[in-house]
Number of protein chains: 2
Amino acid sequence: MSQPLYQVVYDEIIKRIVDGRYPPGNMLPSEFDLGAELGVSQGTARKALTELEKRKIVERRQGRGTFVTLRTPENSMFHFFRLRSPEGEQVVPEPGTEKVVRRQSNKNERGALFGNPRSVFEISRTRNFRGEPLSQEVSVVPTDLFPGLPDRAPLPNTLYVLFQQAYSCVIIWAEDSLRAGVMGKELAEDLGVDASKPVLVAERKSYDLQGRVVELRTSTFITDNVSYSVRMD
Amino acid sequence: MSQPLYQVVYDEIIKRIVDGRYPPGNMLPSEFDLGAELGVSQGTARKALTELEKRKIVERRQGRGTFVTLRTPENSMFHFFRLRSPEGEQVVPEPGTEKVVRRQSNKNERGALFGNPRSVFEISRTRNFRGEPLSQEVSVVPTDLFPGLPDRAPLPNTLYVLFQQAYSCVIIWAEDSLRAGVMGKELAEDLGVDASKPVLVAERKSYDLQGRVVELRTSTFITDNVSYSVRMD
DNA sequence: TATACTTATTCTTATATAAGAGTCAATATA
DNA sequence: TATATTGACTCTTATATAAGAATAAGTATA
């Protein structure tokens, strides 16, 4: 056997989520039905679902069913926004300014993003926390994947919810590269703080269900009142 | 049923690792033997082992066996030291200075560390990367848990290996809180760099197999040539 | 309205078979 | 004779299936 049966089932379910047969938030067929349909036992279908659950692609509830994970503002925040207050609570930022422009990609962006796009949208946003300036975030995405994005302004607080609901693009994982830096003059004016302020800079690559890099994001955080929390296990 | 059978098996194996019956690096009994001994099927023993593997408490290799995870310099680095070079490679730092002192704990340390210790060891170390100063790390641990620690200088590059091998204390997870800051005068002299340099400050709590907080660590990184990498999935 | 019943789901456990990996002796080869 | 090479054997974990238990929600009933 070249490939385990449950792996075949896993791939088939992914395919069905991607092509819209199992839309986000909807219930999948039961383990028995899925097994019957694909000609495997309930246990094998179950094993595939366990793998999907591990990657947070589906959610299961005993007695209820298995559901395609729906990106909500809550779980998107919890999963991809790692700032915590000094008391250890999840930080829920308040929206600040927002600007969306279409422009040509630079060489770096073209090389990193899926499809090597020449044209990208740049989404720049500032956020506040407890009335103080907190961060600037600049997201770059291919225009191909997100047609009409600028028309949707003002954008929701969590982009990934929009990506999933309006564009069937499901972000399942991301990688941040963190560095210390100084605010810089331009950004300091935007946020109304001192230009020499030390800041935490996070460069992110976001990957969707099909393994495509669909977003590059550079976030600049003022960590006076928050910290970026990382759990290693 | 109050508790699944596999959970009972899980707890029993943890107990045996903690009390030394299954020492780090050693092979566990096979799934069949484990099941037979505890009066469950191979599959149930297997389910428990799967959970242990998920938390990196054991490692399994088909055809070989299941082994209690041994903290090696390699996997300790890989798992708990998240600096990457610009090319994306794991950073292996070179050791710099080292100092271990015994002192009274402060209120914060006493409250956070296991056993509310009055006496702690403070381990201060600097590290370099490609000949340039990279970081300072200050670890604070209860003297109770690590008797004779200062006599073991020079300490190995990775503390967690020592903790496991010499003190049977297995770190299985840790949490970092990251902030941007400035180097400061004292540390700048230590590392021989400019005092106004922006730095990445990581405050860590380390947890062992029994859920105890056994170490508080404050790391100060110069991120000119490295970045702190975080994967969210 | 409260309670029992029904139905549909995932969860737990058990068993059988497949596949990976080392050991060791028999065999071929220089 | 010394040294590879092969192959059988036995250990291990991995995969697949099936049956019953637990859970949740709706439905009938007193």
Side-chain angles (χ1 to χ4, degrees), chain A residues 1-17 21-70 72 75, chain B residues 1-17 21-70 72 74-75 172:
Chain A
M1 189 183 320
S2 61
Q3 199 184 17
L5 252 185
Y6 70 83
Q7 187 60 241
V8 177
V9 175
Y10 176 98
D11 292 342
E12 176 62 24
I13 296 173
I14 289 268
K15 198 164 76 181
R16 293 182 179 190
I17 294 175
R21 260 190 289 178
Y22 300 152
N26 276 49
M27 184 177 163
L28 265 62
S30 75
E31 296 176 349
F32 281 98
D33 290 353
L34 214 44
E37 189 194 344
L38 300 176
V40 302
S41 72
Q42 171 263 346
T44 300
R46 178 172 174 73
K47 169 94 177 163
L49 292 173
T50 301
E51 293 297 313
L52 289 163
E53 185 184 37
K54 199 154 68 183
R55 290 166 209 192
K56 299 199 172 62
I57 296 169
V58 302
E59 293 170 357
R60 303 148 99 187
R61 291 210 294 283
Q62 183 171 359
R64 291 279 318 270
T66 300
F67 303 82
V68 181
T69 298
L70 185 63
T72 65
N75 71 21
Chain B
M1 189 182 315
S2 59
Q3 202 184 18
L5 251 185
Y6 71 82
Q7 188 59 241
V8 177
V9 174
Y10 177 96
D11 293 342
E12 176 62 24
I13 295 173
I14 288 270
K15 199 165 76 183
R16 291 182 181 188
I17 293 174
R21 261 189 288 178
Y22 300 152
N26 277 48
M27 185 179 162
L28 266 61
S30 75
E31 296 178 350
F32 280 98
D33 290 353
L34 214 43
E37 190 194 342
L38 300 176
V40 301
S41 74
Q42 173 259 348
T44 300
R46 179 171 174 71
K47 169 91 177 166
L49 292 173
T50 301
E51 293 297 312
L52 289 162
E53 186 184 37
K54 197 153 69 183
R55 291 166 209 191
K56 299 201 171 59
I57 295 168
V58 303
E59 291 170 358
R60 304 150 96 188
R61 290 208 294 281
Q62 184 172 2
R64 293 282 317 271
T66 300
F67 303 82
V68 182
T69 298
L70 186 61
T72 65
E74 288 71 30
N75 70 23
I172 55 169

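Throughout, a chain's letter reflects where its sequence line sits, starting with A, and its residues are numbered from 1. Everything numeric here is computed off the predicted structure, so don't read it as measured data.
- For A:Leu5, taking side-chain heavy atoms from C-beta onward, the closest of the listed nucleotides D:dT17, C:dT12, C:dT15 is D:dT17.
- Between B:Ser41 and C:dT15, a side-chain N or O to OP1/OP2 separation shorter than 4.0 Å is absent.
- Proximity note for A:Arg60 (side chain, C-beta onward) versus D:dT13, C:dA14, C:dC11: the nearest is C:dC11.
- For B:Thr66, a side-chain nitrogen or oxygen approaches OP1 or OP2 of D:dT13 to under 4.0 Å.
- Rounded to an integer number of Å, the gap from CZ of B:Phe32 to C1' of D:dA14 is 11 Å.
- Atom P of nucleotide D:dA16 and atom CD of A:Glu51 are separated by 12 Å, given to the nearest angstrom.
- Of all nucleotides listed (C:dT12, C:dT9, C:dT13), C:dT9 comes nearest to the side chain of A:Asp33.
- With B:Asn75 contributing its side chain and B:Leu70 its backbone, the two residues share a donor-acceptor pair below 3.5 Å.
- Computed from coordinates, the A:Arg46 CZ to D:dA16 P distance equals 15 Å when rounded to whole Å.
- Contact check on A:Glu37 versus A:Arg16 returns a salt bridge, with a Lys/Arg side-chain nitrogen under 4.0 Å from an Asp/Glu carboxylate oxygen.
- Picking from D:dA22, C:dT12, C:dT15 the nucleotide with the shortest atom distance to the side chain of A:Gln62 gives D:dA22.
- In this structure, OG1 in B:Thr69 is found 13.0 Å from CZ in B:Arg55, a value given to the nearest 0.5 Å.
- Nucleotide D:dT15 holds its P atom 11 Å from the CD atom of A:Gln3, rounded to whole Å.
- Taking every side-chain heavy atom of B:Glu31 into account, D:dA14 is the closest of D:dT15, C:dC11, D:dA14.
- For the side chain to side chain contact (heavy atoms under 4.5 Å, CB included) criterion with A:Glu12, the lone passing option out of A:Leu38, A:Ile17, A:Leu34 is A:Leu38.
- A straight line from CG of B:Leu34 to P of C:dT13 spans 14 Å, rounded to a whole angstrom.
- When heavy atoms are screened at a 4.0 angstrom cut-off, B:Gly43 is found touching base atoms of the nucleic acid.
- Heavy atoms of B:Thr44 sit under 4.0 angstrom from primed sugar atoms or phosphate atoms, though from no base atom.
- A salt bridge does not link A:Arg64 with A:Glu59: every distance from a Lys NZ or Arg NE/NH1/NH2 to an Asp or Glu carboxylate oxygen is 4.0 Å or more.
- Across the protein-nucleic acid pair, A:Arg64 atom CZ and C:dT7 atom C1' stand 15 Å apart, rounded to whole Å.
- Straight-line distance from the CZ atom of B:Phe67 to the P atom of D:dT12: 11 Å, rounded to whole Å.
- Distance from the side chain of A:Gln42 is smallest for C:dT12 among the nucleotides D:dT12, D:dA24, C:dT12.
- Taking atom CG on B:Leu38 and atom P on C:dA14, their separation rounds to 12 Å, with Å as the unit.
- Side-chain atoms of A:Pro4 lie closest to D:dT15 of the nucleotides D:dT12, D:dT15, C:dT15.
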